[in-house]
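All ligand and atom numbering here is 1-based and tracks the order in the structure. Given the structure is predicted, the values throughout are model-derived calculations rather than measurements. FYI, the numbering just counts along the sequence from 1.
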Amino acid sequence: FIEAVIFDLDGVITDTAEYHYLAWKQLAEELGLPFDRQFNEKLKGVGRMDSLELILQQGNKSYTIEEKISLANRKNDHYKQLIQKITPNDLLPGILPLLKELKTNGVKIALASASKNAFTVIDKLQVGEYFDTIVDAGKIVKGKPDPEIFMVAAEQLKVPVQNCVGIEDAEAGIRAIKEANMFAVGVGNEDSMHQADLIVKDTNELTLERLRENFK
Ligand code: G6P
Ligand code: MG
């Protein structure tokens with residue numbers, strides 16, 4: 001039975017996946033590197049420095065560590081600018097009702113986001129009270145698709161992995177959930193969710209009933 005639901009943040013709870021895209025696009029343009037939505041799919045769920053590496057590989061210039069850090073900071077400055085304006089109205093459809101439904105049914109709730117801006121975003125959305133634990137991305141050694149962040153979330157909740165559901169919008173995230181031996185729910189485009197156990201087109205479709213019907 002479902003004892004816990006572990007949420008990804010960007011693209012699941014709120015549409016910050018779009019802000020990450022815009023911020024990376026701005027940086028890529030400043031560097032004269034190609035960047036489009038299709039390429040961006042590869043970056044979803046992937047940490048800041050790893051994402052930067054993938055973008056820089058599009059060109060043939062090499063950068064020192066210091067330069068890379070400063071480029072990553074520049075992207076983060078663009079991103080921080082964009083998330084300033086987040087309010088509770090930016091919760092994706094169906095997410096607040098789902099959080100409430102999970103709470104009233106005694107299902108534990110965790111956040112497993114690779115973003116170092118996750119606490120800020122959750123704060124702005126004013127949903128911190130719903131989460132029994134928020135994994136600190138700064139303490140995670142291996143990023144998605146490694147299962148570490150989902151395993152740590154389950155450990156912190158004290159729930160066995162086979163009773164956990166993970167919800168993701170990115171291929172790397174779905175792979176991480178499956179590697180953690182959890183039930184994987186994908187939100188969005190089927191093409192990037194091959195391994196998901198359940199795929200929904202829209203966050204509106206995420207109800208406890210729907211999860212329970214499909215959980216195995
Ligand atoms: C999430 C997002 C990625 C982002 C990563 C790091 O996984 O899906 O797009 O690169 O977090 O976010 P940060 O805010 O720490 O740069
Ligand atoms: Mg995501």
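- The pair E53-K68 meets the salt-bridge criterion, since a charged nitrogen lies less than 4.0 angstrom from a carboxylate oxygen.
- Only the backbone of L43 comes within 4.0 Å of ligand 1, judged by heavy-atom distances.
- The atoms of ligand 1 that sit less than 4.0 Å from any heavy atom of G45 are 2 (C), 3 (C), 7 (O), 8 (O).
- Legend: protein N/O/S atoms lying under 2.8 Å from the Mg ion (ligand 2), waters omitted, number 3.
- With respect to E171 and K144, no salt bridge is recorded, no charged nitrogen being found less than 4.0 Å from a carboxylate O.
- Ligand 1 has S51 within reach: a non-hydrogen atom of the residue lies less than 4.0 Å from it.
- Both V12 and I134 belong to a common hydrophobic cluster when Ile, Leu, Val, Met, Phe, Trp and Tyr are linked at side-chain heavy-atom distances under 4.5 angstrom.
- Screening residues 195-209 for side-chain hydrogen bond (donor to acceptor under 3.5 Å, both in side chains) gives K178-D197, E205-R210 as the qualifying pairs, with residues at least two apart or on separate chains.
- Heavy atoms of A17 come nearer than 4.0 angstrom to ligand 1 in no pair at all.
- Geometric assessment of K42 against the ring of F39 yields a negative cation-pi assignment under the 6.0 Å and 45° thresholds.
- Between I149 and V152 there is no side-chain heavy-atom pair separated by less than 4.5 Å.
- One option in V46, N117, I83 has a heavy atom closer to atom 10 (O) of ligand 1 than any other, and that option is V46.
- Not one N or O of Y79 is nearer than 3.5 Å to an N or O of ligand 1, by distance alone.
- Remark: of the listed residues K108, Q156, E155, K158, Q156 is the sole one forming a side chain to side chain donor-acceptor pair (under 3.5 Å) with T133.
- Listed by number with element, the atoms of ligand 1 under 4.0 angstrom from any heavy atom of R48 are 6 (C), 13 (P), 14 (O), 15 (O), 16 (O).
- Taking the side chain as every heavy atom from C-beta outward, I55 and L27 never approach each other to under 4.5 Å.
- Taking only nitrogen or oxygen atoms, main chain and side chain alike, W24 does not reach within less than 3.5 Å of ligand 1.
- Of the heavy atoms in K116, both backbone and side-chain atoms come closer than 4.0 Å to ligand 1.
- Here the rule is side-chain contact (heavy atoms from CB on, under 4.5 Å) with I83, and of D90, V121, T14 only V121 fits it.
- What sits closest to atom 9 (O) of ligand 1 on the protein, heavy atoms only, is H20 CG, 3.6 Å.
- In terms of protein heavy atoms, atom 2 (C) of ligand 1 is closest to D10 OD2, 3.2 Å.
- Between the side chains of N76 and N117, at least one donor N or O sits under 3.5 Å from an acceptor N or O.
- At most 12 heavy atoms of other shown residues, nucleotides or ligands fall within 6.0 angstrom of atom NZ in K100.
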